[in-house]
Amino acid sequence: MGLLVDYDEPQMMAATLTMPYTLTTGPAAGTFLAELANNRIVGTRIVSTGRVIVPPEDYPGGMSDVETEFVEVPQTGAVTTFTRTVNGVVALIRLDGADTDLLHRVVGDTAGLAAGDRVAASWHTGSVDELASPFLQLAGFAATADGTTGEVTPLSGPAEAIAELPYSMKLDYEHSYGPYYGRMFDELASARRIVGSKCPKCLNVLVPARGNCDACFVPTGQLMDVADTGTILGFSVIHLEFLGQKRKPPYVYAEINLDGTATRLIHNVGGFDITKAEELLDIGSRVRAVWKDVSPGSGTLDDIEYFEPIDLPSSGA
Amino acid sequence: MGRSVAVVGCGQTNHSRRRTDVTQVGLAREAAQRALADADLTMEDIDSVIIATGPVLFAAVNQPDKWIVDALGAQGKPVVRVTSGGGTGLAGALAGVNQIAAGTHERVLVVAYDKLSEGALQYSISTLYDPFWGREFAVGIMGFSASYWRSRIKPLGHTEEAAAMVAVKNRKNAMLNPYAHVKKEVSVDDVMNSRYLCSPIKLLDVPPISDGACAVVLSSESAAKNSPDPAWIRGMAYMAEAENAIRRSMRQSEPLTLAAAKVYKQAGITNPRRQCDVVEVQEPYTCFELSYYEGLGLTREGGAAELIASGATQIDGDIPVNPSGGCAGANPIGAAALIRLAEVVQQVRGRAGDHQIPGAKVGLCQAGGGWANLRGVSVVSAQKN
């Protein structure tokens, strides 16, 4: 079977990280978010100077502990500047009485929008639960013909701050394989073999295959077929469960030295009674790759199901 | 090393499993305020700021230094963020030390923190691995740490019982540390009977996950002249080894050995066990502390189990290690290495409180970064040379 890849094309591996978070908002942002549910916009006023900051900040005095109070800021203001994006107009808006700009959308008819135009808050009208973030309760700002200027007032009966905010990031990547990894993973998928590279100076065979020897720092040049048998250098029976884990515990994590190579391969050891791993496996135990019965493979180390022990004591598999 | 560098102030937050009262910047600011108060200085006196944190995936804010500048009042000053995995705190300190040693700055504030309660820790740490090669098998750093430890048990005698003694010692010491949040003494039997997470690592071999920050104020000699009790940086180094290193030793950390050799030469240390009065190491798993005893030259290769069993590294032993409780008391990763430095600094300044080693004059600390491949060492002393 030939190689699967046209090497004239750059080869990429798609990968996605989906990371969940519980963010700590702090008192200022937490109060701001909580009050949006009441259709009120909260700012911080520095008592000594009267400066009003929107959205509010926990530490407007830097390292100095200045006296501050929460205030209710008018829902009207003027556009400082704006940009048109594929997702609509995004603007810096100076609410009446505020000393800083608030970044938000301008909604409604924005065809004739100009800096200095008067705008008023536009609120989400459905359930809060359907919002991606409580911030979007404030849906944006819309142009208004009403020229009345609002005033900053003390915040009466502030809502309890939202202390914690669920959040998530889904991050999509396309990693370039480069020539050595590309060839190596292609060989895994198409030929069920592991490929390393040999250093012409120290004569060590390096897995994964790489362009330079990291001991001698000379170009390796030569690709080598590597045995799919090896020796366990270290192992652990994994009981820990964690988010993002690809395997269900218990399983054996191992650092394996493939025969003839000078490096370590991380993989799993399986195909035997895992509950007896502590007795059956040892540093120096011999293992061999068990390949998945799919052709072509996925072109990842997952094409090897696991490494199985060779010559276990009689109590084993 | 260039000009002499002193530490004139240290501050830590009250670490916690989860600080719901402050954002990540609030955490950093709290430590910075305490460090400045300890140094009897204000932000006006600071002419450079280093911010050290772990990977941004820990807490979802990219370039958090941008956010922190406001809360520190650092606008208009040079602000640089340093990140280098677990050892980040010491890497940040080294950046500040170099700024002063080189003569470009007089007083540098180094602030290190992580707010680990916010994200998925093991998942984030697993992204330290090459995306192509091994990430799908990664178990944070615990999987490889356990695997390496197992390879040391037979040849070096780093038994599970010896590691359990480290857990007992550090958790007992943490009782004396007002900043630690794990405050529960355990016995060797408790550790041995705790369940395996990644064998041979057991639940009680493992530190907590913490929110916390630490800050230190570094100073040139002339700027430190009004400080009543500066601690002098006698040596500091941070070393790397190749990621997929050829014939990597499973028994000793090569970058640690290199960093220790360099720092001992800078500091004139020929016998660390005799010349150092107190040691802080960034375990974080108990098996690492055993390994570091050897890597730092506190005992011969293969002598670690004997050393812990002898009581020498207890708080009243001849070479106390982690009188603060180490990572077992609190483990805000990005801050953990700077906490080790701050702890030995406070020891040689006589400001370590209930876990003060009487008369400590020379302190040694160690930092572990990345997954296996970055290690740092520093020596501080009450005497300039």
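The figures that follow rest on heavy atoms only: side chains count, while hydrogens, waters and symmetry mates do not. Since this is a predicted model, take the numbers as computed values, not measurements. Numbered from 1 within each chain, the chains take letters A, B, ... in sequence-line order.
- Residue B:S124 touches chain A through both its backbone and its side chain, counting heavy-atom pairs closer than 4.5 Å.
- Ion pairing of B:R248 with A:E255 is absent here, as no side-chain N (NZ or NE/NH1/NH2) approaches a carboxylate O to less than 4.0 Å.
- Proximity to chain A (any heavy atom under 4.5 Å) is restricted, for B:S126, to the side chain, taken from C-beta onward.
- Proximity to chain B (any heavy atom under 4.5 Å) is restricted, for A:D282, to the side chain, taken from C-beta onward.
- A cation-pi arrangement is not found for A:R247 relative to B:F137, the charged atom failing to lie both closer than 6.0 Å to the ring centre and inside a 45° cone about the ring normal.
- Looking at A:A215, both its backbone and its side chain come within 4.5 Å of chain B, counting heavy atoms on both sides.
- Between B:F132 and A:Y177, the ring-plane angle classifies as tilted under the 30° and 60° cut-offs.
- There is no contact between B:R152 and chain A, counting heavy-atom distances below 4.5 Å.
- At a 4.5 Å heavy-atom cutoff, A:C199 makes no contact with chain B through either its backbone or its side chain.
- In this structure a side-chain-to-backbone donor-acceptor pair under 3.5 Å is present from A:Y21 to B:L57.
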task = Given side-chain contact (heavy atoms from CB on, under 4.5 Å), test B:L72 with A:Y59 step by step and report yes or no.
result = CA-CA 8 Å; B:L72 293 185; A:Y59 312 109; over 6 Å; no
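- Interface residue A:L243: backbone and side-chain heavy atoms are both found under 4.5 Å from chain B.
- Between B:R150 atom CZ and A:I232 atom CD1 the span is 9.5 Å, to the nearest 0.5 Å.
- Between the CG atom in A:L240 and the OH atom in B:Y196 there is a gap of 15.0 Å [rounded to 0.5 Å].
- Both the backbone and the side chain of A:F235 come within less than 4.5 Å of a heavy atom in chain B.
- In terms of modelled atom types and a separation under 3.5 Å, the side chain of B:R29 and the main chain of A:G62 share a donor-acceptor contact.
- Ranked by heavy-atom pairs under 4.5 Å with chain B, the list A:D58, A:L23, A:T263 is led by A:L23.
- With hydrogens and angles disregarded, a donor-acceptor distance shorter than 3.5 Å links the side chain of A:S236 to the backbone of B:S199.
- Judged by distance alone, the side chains of A:T24 and B:E118 do bring a donor and an acceptor atom under 3.5 Å apart.
- Heavy-atom distances place the side chain of B:A242, and not its backbone, under 4.5 Å from chain A.
- Both the backbone and the side chain of A:T22 come within contact range of chain B, judged by heavy atoms closer than 4.5 Å.
- Only the backbone of B:A59 comes within contact range of chain A, judged by heavy atoms closer than 4.5 Å.
- Ranking A:A277, A:G244, A:A262 against chain B, the residue ahead of the rest is A:A262, based on heavy-atom pairs under 4.5 Å.
- A donor-acceptor pair under 3.5 Å is absent between the side-chain atoms of B:T23 and the main chain of A:G26, judged by distance alone.
- Heavy-atom pairs under 4.5 Å with chain B peak, among A:E278, A:Q245, A:K246, A:E241, at A:E278.
- Contact of A:T261 with chain B is made through the backbone alone, with heavy-atom distances under 4.5 Å.
- One finds the NE2 atom of A:H239 at 8.5 Å from the CG atom of B:L197 (value rounded to the nearest 0.5 Å).
- For the residue pair A:L17 and B:Y123, the shortest heavy atom distance occurs at CA-OH, 3.5 Å.
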